[in-house]
Amino acid sequence: MEEIIGFIEKNKENYIEELKDFLRIPSISTFPENKDDIVRCAEFVSDNLKRIGLSRVEIFKTEGHPIVYGEWLGAPGKPTVLIYGHYDVQPIDPIELWNSPPFEPTIKNGKIFARGATDDKGQVFMHLKSVEAYFKTEGSLPLNVKFIIEGEEEIGSENLSVFLKNNAELLECDAVLISDTSLYEAGVPTLTYGLRGLAYLEVEIVGPNRDLHSGGFGGIVANPINILTQIISKLKDKNDKVTIPRFYDGILNLTKKEEENLKSFKLSDKKLAKELGVDSLIGEKGFTTLERLWTRPTLDCNGIFGGFIGKGAKTVIPSKASAKISMRLVPNQNPNKIAKMFEKHIKKIAPKTVKVKVTNLHGGYPIVSPIDNPANIAAAKAMQKAFGKKTVFVREGGSIPIVIEFSKKLKAPVVLMGLGLNSENLHSPNEHFDLNHFQLGIKSSAYFLSELAVVK
Ligand code: BES
Ligand code: MN
Ligand code: MN
């Protein structure tokens with residue numbers, strides 16, 4: 001092991017240079033105009049998987065963006081780990097708020113700034129480099145490894161879901177390893193054992209059959225923007241509870257063990273509020289900030305548009321207005337059922353003076369896995385070795401919809417070994433990744449492969 005760790009340390013700079021090439025590719029999955037970049041990015045991943053020493057590497061075309069698969073199965077009788085990640089990234093807007101161009105990786109104060117740095121290219125790359133370190137030093141791996149790196153995570157993983165259904169045998173494994181989550185705090189080794197699910201919908205309110213002069217018609221016809229905002233404001237009550245009937249039905253309670261674990265974290269609301277530039281935090285009455293974030297569902301408007309939004313003024317009653325609304329879900333909420341309940345509720349509270357159209361954009365199930373499965377224990381040991389500190393277990397507020405599907409279809413435990421930080425601006429301008437965590441992640445990955453190799 002020392003030799004492998006030594007190799008990782010010696011190659012720190014090389015690894016960073018290679019990561020920069022990965023980050024230069026604008027693989028934004030949601031825009032059709034980036035299709036070629038997506039293809040180029042899949043090729044980059046595939047070339048790298050070949051170069052680090054895997055025996056079989058393939059790019060699978062899908063209805064959407066390609067899936068990159070790689071394997072090395074040279075350790076018969078040993079466990080197999082499936083490493084998942086995504087090479088696609090979020091859009092870059094608002095571009096004017098970036099301090100350096102989003103696809104020209106820039107290092108400042110030990111952090112690498114670029115779209116995708118922490119979500120998820122930097123984290124995916126840690127595992128490629130740990131595998132490389134094994135091959136370059138020992139010439140082999142202590143267990144079997146499969147990689148599955150997709151290009152549609154940020155748009156719902158629809159085609160990976162199909163691929164998984166059709167190729168469960170190819171992806172067969174004893175554990176899944178994912179680095180696409182966050183550390184509790186800088187320098188604290190962290191494993192995530194729960195993620196929230198998601199229901200994401202768009203609501204369109206249609207009023208008069210055309211835009212109208214707001215003097216000629218103001219005060220006599222329902223304004224879709226006014227109606228839409230009234231509807232949104234009714235979706236949470238004064239205690240910040242979601243008002244959709246049956247929304248909270250059947251939600252799983254925390255176990256005693258979880259409650260104790262949760263209490264061991266001391267989070268300062270004040271400090272976090274200050275860091276976010278707000279006066280104070282808010283949330284569902286009767287719960288702490290960490291409970292709200294990790295264990296409670298919520299509803300948020302993610303975007304709202306309609307009417308005149310250009311510079312200056314234009315007096316108009318718009319014909320239409322829309323909002324994008326997401327709900328974060330916890331076990332046992334079902335995203336499809338929640339979407340239906342949402343639609344029914346919106347249609348019920350909207351006045352007859354407008355038409356309402358609701359579109360379900362995408363969703364995903366929440367997951368909570370046992371803290372003490374053998375794969376998580378191996379991962380906790382691995383991170384402890386790399387960081388020289390005890391590993392903590394957290395739940396997180398974000399979503400990775402494919403996780404539950406892996407766990408169900410492959411019947412394998414999923415290890416969420418995230419090395420990001422929530423403060424690293426994922427999905428936002430000036431996304432970055434701490435290069436110290438990048439290095440610690442490569443080491444954690446290397447230790448994990450050797451720890452998992454001896455798990456029966
Ligand atoms: N890596 C994130 C998920 C994440 C972030 C988990 C931080 C835990 C902590 C992932 O790329 C993501 O952004 N997921 C989306 C869901 C998807 C369906 C668009 C999300 O959570 O909004
Ligand atoms: Mn991600
Ligand atoms: Mn993301």
Side-chain angles (χ1 to χ4, degrees), residues 22-23 27-31 41 64-65 83-92 102 114-127 148-161 177-185 188 190-202 290 293-295 297-303 324-330 335-336 338-339 360-369 393-406 414-429 431-434 437 441:
F22 194 12
L23 291 171
S27 50
I28 304 170
S29 49
T30 200
F31 295 148
C41 202
H65 301 324
I83 300 172
Y84 162 83
H86 63 94
Y87 66 80
D88 66 320
V89 300
Q90 287 276 338
I92 53 174
R115 171 57 87 229
T118 186
D119 185 14
D120 181 36
K121 287 174 174 172
Q123 299 206 51
V124 164
F125 214 55
M126 300 178 320
H127 301 297
I148 189 94
I149 314 296
E150 70 152 321
E152 296 188 331
E153 196 278 339
E154 301 291 9
I155 51 172
S157 299
E158 228 174 88
N159 289 297
L160 179 60
S161 179
L177 174 62
I178 303 177
S179 292
D180 194 21
T181 51
S182 308
L183 299 173
Y184 179 71
E185 234 171 48
V188 176
T190 307
L191 289 167
T192 298
Y193 72 93
L195 290 168
R196 286 195 288 191
L198 181 72
Y200 199 143
L201 298 103
E202 187 164 329
L290 280 184
L293 194 60
W294 294 353
T295 75
T298 190
L299 179 150
D300 274 293
C301 181
N302 299 117
K324 294 182 190 281
I325 295 175
S326 69
M327 288 162 279
R328 295 286 165 174
L329 311 176
V330 300
N336 300 319
I338 293 281
N360 190 354
L361 295 177
H362 59 68
Y365 282 82
I367 185 162
V368 171
S369 58
F393 283 86
V394 303
R395 276 168 70 165
E396 285 196 80
S399 312
I400 310 176
I402 203 69
V403 170
I404 190 108
E405 298 192 39
F406 279 142
V414 179
V415 173
L416 297 169
M417 184 191 275
L419 271 289
L421 288 172
N422 281 328
S423 56
E424 287 182 328
N425 290 5
L426 47 165
H427 297 202
S428 156
E431 176 177 350
H432 55 279
F433 189 31
D434 186 321
H437 293 150

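Computed over heavy atoms, backbone and side chain alike; hydrogens, waters and symmetry mates excluded. Just follow the structure's listing: the first ligand is 1, and inside any ligand the first atom is 1.
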Asks: Which heavy atom of the protein is the closest neighbour of atom 17 (C) of ligand 1, given with residue, atom name and distance?
Replies: Glu153 O, 3.7 Å

Asks: Between the side chain of Glu152 and the main-chain N/O of Leu160, is any donor-acceptor distance below 3.5 Å?
Replies: no

Asks: Which protein heavy atom lies closest to atom 3 (C) of ligand 1, and at what distance to 0.1 Å?
Replies: Ser399 O, 3.4 Å

Asks: Short question: side chain of Gln123, backbone of Thr181 - any donor-acceptor pair under 3.5 Å?
Replies: yes

Asks: Give a yes/no verdict on whether any heavy atom in His427 is under 4.0 Å from an atom of ligand 1.
Replies: yes

Asks: What I want to check is whether the side chains of Glu150 and Tyr84 have a donor and an acceptor closer together than 3.5 Å.
Replies: yes

Asks: Just heavy atoms, cut-off under 4.0 Å: does Arg328 contact ligand 1 by side chain, backbone, both, or neither?
Replies: side chain

Asks: Check each heavy atom of Glu154 against ligand 1 and say whether those closer than 4.0 Å belong to the side chain, the backbone, both or neither.
Replies: both

Asks: Do Gln90 side-chain atoms and Leu426 backbone N/O form a donor-acceptor pair below 3.5 Å?
Replies: no

Asks: Using heavy atoms and a threshold below 4.0 Å, how should the contact between Asp180 and ligand 1 be classified: side chain, backbone, both, or neither?
Replies: both

Asks: Taking all heavy atoms of Glu431 and all of Asp119, pick out the closest pair and write down the distance.
Replies: OE2-N, 2.9 Å

Asks: So is Leu426 close enough to ligand 1, meaning a heavy atom under 4.0 angstrom away?
Replies: yes

Asks: Is a side-chain N or O of Arg115 found less than 3.5 angstrom from the main chain of Pro91, in a donor-acceptor match?
Replies: yes

Asks: Heavy-atom contact under 4.0 Å between Gly364 and ligand 1?
Replies: no

Asks: Looking at Asp119, which of its N, O or S atoms is the nearest one to the Mn ion (ligand 3)?
Replies: OD2

Asks: Which atom pair, heavy atoms only, marks the closest approach of Pro335 to Leu198?
Replies: CB-O, 3.5 Å

Asks: Looking at ligand 1, would Gln90 count as a contact under a 4.0 Å heavy-atom criterion?
Replies: no

Asks: With respect to the Mn ion (ligand 3), what is the nearest N, O or S atom of Glu154?
Replies: OE2

Asks: Treating Arg196 as the side-chain partner and Ile367 as the backbone partner, does any N or O pair qualify as donor plus acceptor under 3.5 Å?
Replies: no

Asks: Of the backbone atoms (N, CA, C, O) and the side-chain heavy atoms from C-beta on, which set of Pro401 has a member under 4.0 Å from an atom of ligand 1: side chain, backbone, both, or neither?
Replies: side chain

Asks: Taking 2.8 Å as the cut-off, does Asp180 contribute an N, O or S atom near the Mn ion (ligand 2), distance below it?
Replies: yes

Asks: Does the shortest distance from the Mn ion (ligand 3) to an N/O/S atom of His86 fall below 2.8 Å?
Replies: no

Asks: Can you see which heavy atom on Val414 is nearest to which on Ser369, and at what distance?
Replies: O-OG, 4.3 Å

Asks: Is it the case that ligand 1 has an N or O less than 3.5 angstrom from some N or O of Glu396?
Replies: no

Asks: Distance alone, cut at 3.5 Å: any donor-acceptor contact between the side chains of Glu154 and Ser29?
Replies: no

Asks: Determine the sole option in Asn336, Leu195, Leu329 for which the side chain to side chain contact (heavy atoms under 4.5 Å, CB included) test with Tyr365 is passed.
Replies: Asn336

Asks: So is there a nitrogen or oxygen of Thr181 less than 3.5 Å from a nitrogen or oxygen in ligand 1?
Replies: no

Asks: How close does the nearest protein non-hydrogen atom get to atom 18 (C) of ligand 1, and which residue and atom is it?
Replies: His362 CE1, 3.5 Å

